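The next block holds one structure in the form of structure tokens; read it before the comments.
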Amino acid sequence: MAKDTIFSKIIHGEIPADIIYQDEQTTAFRDIHPQAPTHILIVPNNVIPTVNDATPENEQILGHLFVVAAKIAKQEGIAESGYRLIVNCNKDGGQEVFHLHVHLLGGRRLGPMLTRQEE
Ligand code: DGP
């Protein structure tokens with residue numbers, strides 16, 4: 001099994017976070033460095049380090065993350081105005097925490113999907 005992460009500690013209540021949703025499979029909490037008025041992380045309770053580690057056994061939980069995202073978007077009042085879901089993978093994707101998570105961003109116009117290429 002993959003080793004615990006900072007997000008595991010949040011999921012298990014060992015460090016504080018603004019948890020807005022939790023069920024047996026997933027936990028959602030507000031990002032510590034919000035990039036938009038709504039910036040929530042939706043995280044599987046069991047660690048999958050990156051998208052590269054996803055297996056056919058993970059298909060149910062990976063789908064569940066989207067169902068939870070839709071539920072939270074409604075709860076946050078941004079379902080109709082719109083939002084963006086992002087999953088970063090490894091260095092070029094900008095992944096910092098190696099516990100797969102979906103960023104749910106909304107509450108303002110988010111602009112183009114990518115910023116200019118870094119040199
Ligand atoms: P990523 O770059 O996709 O791995 O995103 C990691 C996000 O996690 C980043 O936006 C900041 C957030 N984050 C990191 N540590 C913590 C924490 O301890 N608490 C909360 N709420 N968010 C965190």
Side-chain angles (χ1 to χ4, degrees):
M1 233 170 52
K3 59 179 193 358
D4 278 357
T5 66
I6 184 121
F7 290 171
S8 306
K9 290 196 165 76
I10 290 174
I11 291 161
H12 299 124
E14 291 161 15
I15 61 168
D18 187 359
I19 294 178
I20 58 156
Y21 177 89
Q22 190 159 44
D23 63 29
E24 278 184 9
Q25 301 181 85
T26 183
T27 301
F29 49 89
R30 293 191 193 278
D31 194 288
I32 205 166
H33 297 130
Q35 308 291 315
T38 295
H39 187 172
I40 291 163
L41 303 174
I42 305 158
V43 184
N45 292 343
N46 293 324
V47 181
I48 303 166
T50 79
V51 174
N52 289 336
D53 302 298
T55 66
E57 291 85 72
N58 300 138
E59 283 179 3
Q60 192 276 333
I61 178 62
L62 293 173
H64 188 60
L65 297 177
F66 273 69
V67 173
V68 170
K71 190 184 292 203
I72 292 172
K74 277 202 196 85
Q75 204 172 287
E76 293 285 311
I78 59 169
E80 296 311 316
S81 53
Y83 54 92
R84 186 172 292 161
L85 301 178
I86 298 175
V87 181
N88 295 321
C89 181
N90 279 344
K91 186 158 166 259
D92 281 358
Q95 185 174 8
E96 290 170 2
V97 178
F98 290 84
H99 186 153
L100 189 151
H101 49 281
V102 176
H103 294 256
L104 166 58
L105 294 140
R108 68 167 170 84
R109 286 297 286 273
L110 294 169
M113 192 162 68
L114 297 174
T115 53
R116 280 192 308 146
Q117 195 174 338
E118 283 177 32
E119 294 307 319

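Keep in mind the model is a prediction, meaning the values are calculated, not measured. For ligands, and for the atoms within them, numbers begin at 1 and follow the listed sequence.
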- Going by the order shown, which atoms of ligand 1 are within less than 4.0 Å of some heavy atom of Glu96? 1 (P), 2 (O), 4 (O)
- Going by the order shown, which atoms of ligand 1 are within less than 4.0 Å of some heavy atom of Leu41? 8 (O), 12 (C)
- Could you tell me which atoms of ligand 1, counted from 1 in the order shown, lie closer than 4.0 angstrom to a heavy atom of Gln95? 2 (O), 4 (O)
- Flag yes if Tyr83 and Leu65 sit in one hydrophobic cluster, no otherwise; membership is Ile, Leu, Val, Met, Phe, Trp, Tyr, and two members link when side-chain heavy atoms are under 4.5 Å apart. yes
- Query: Where is the nearest protein heavy atom to atom 21 (N) of ligand 1: which residue, which atom, and how far?
  - Reply: Arg30 O, 2.9 Å
- Query: Which is closest to atom 2 (O) of ligand 1 in terms of heavy atoms, Gly94, Pro34, Cys89, Gly93?
  - Reply: Gly94
- His39 N/O under 3.5 Å from ligand 1 N/O: no
- Note: heavy atom closest to atom 22 (N) of ligand 1, options Ile32, Ile6, Thr50, Val97, belongs to Ile32
- Hey, are Thr55 and Asn58 close enough side-chain-wise for a donor-acceptor pair under 3.5 Å? yes
- Task: Taking only heavy atoms of Asn88 into account, list the atoms of ligand 1 that are under 4.0 Å away from them.
- Result: 1 (P), 2 (O), 3 (O)
- Message: Could you check whether any side-chain N or O of Glu76 sits under 3.5 Å from a backbone N or O of Gly107, counting only pairs where one atom can act as donor and the other as acceptor?
- Response: no
- Ile72 vs Thr38 side-chain heavy atoms within contact, under 4.5 Å: no
- Message: Using a 6.0 Å cut-off, check whether atom CD of Glu14 has over 12 heavy atoms from anything other than its own residue.
- Response: yes
- For ligand 1, is there an atom lying under 4.0 Å from some heavy atom of His103? yes
- Item | Check: Asp23 main-chain N/O paired with Asn45 side-chain donor or acceptor under 3.5 Å | yes
- The option among Leu100, Val43, Ile86, Asp31 carrying the non-hydrogen atom nearest to atom 9 (C) of ligand 1 is Asp31
- Query: Does Ile10 approach ligand 1 within less than 4.0 angstrom via side chain, backbone, both or neither, non-hydrogen atoms only?
  - Reply: side chain
- For the residue pair His103 and His39, categorise the inter-ring angle as parallel (less than 30°), tilted (30 to 60°) or perpendicular (more than 60°). tilted
- Query: Quick one: does Phe7 get within less than 4.0 Å of ligand 1, heavy atoms only?
  - Reply: yes
- Task: Using atom types as modelled and distance alone, determine if a side-chain donor or acceptor of Glu96 lies under 3.5 Å from a backbone N or O of Gly94.
- Result: no
- Distance from atom 1 (P) of ligand 1 to nearest protein heavy atom, with residue and atom: His101 NE2, 3.2 Å
- Task: Anything under 30° is parallel, anything over 60° is perpendicular, the rest tilted; go ahead and classify Phe7 against His101.
- Result: perpendicular
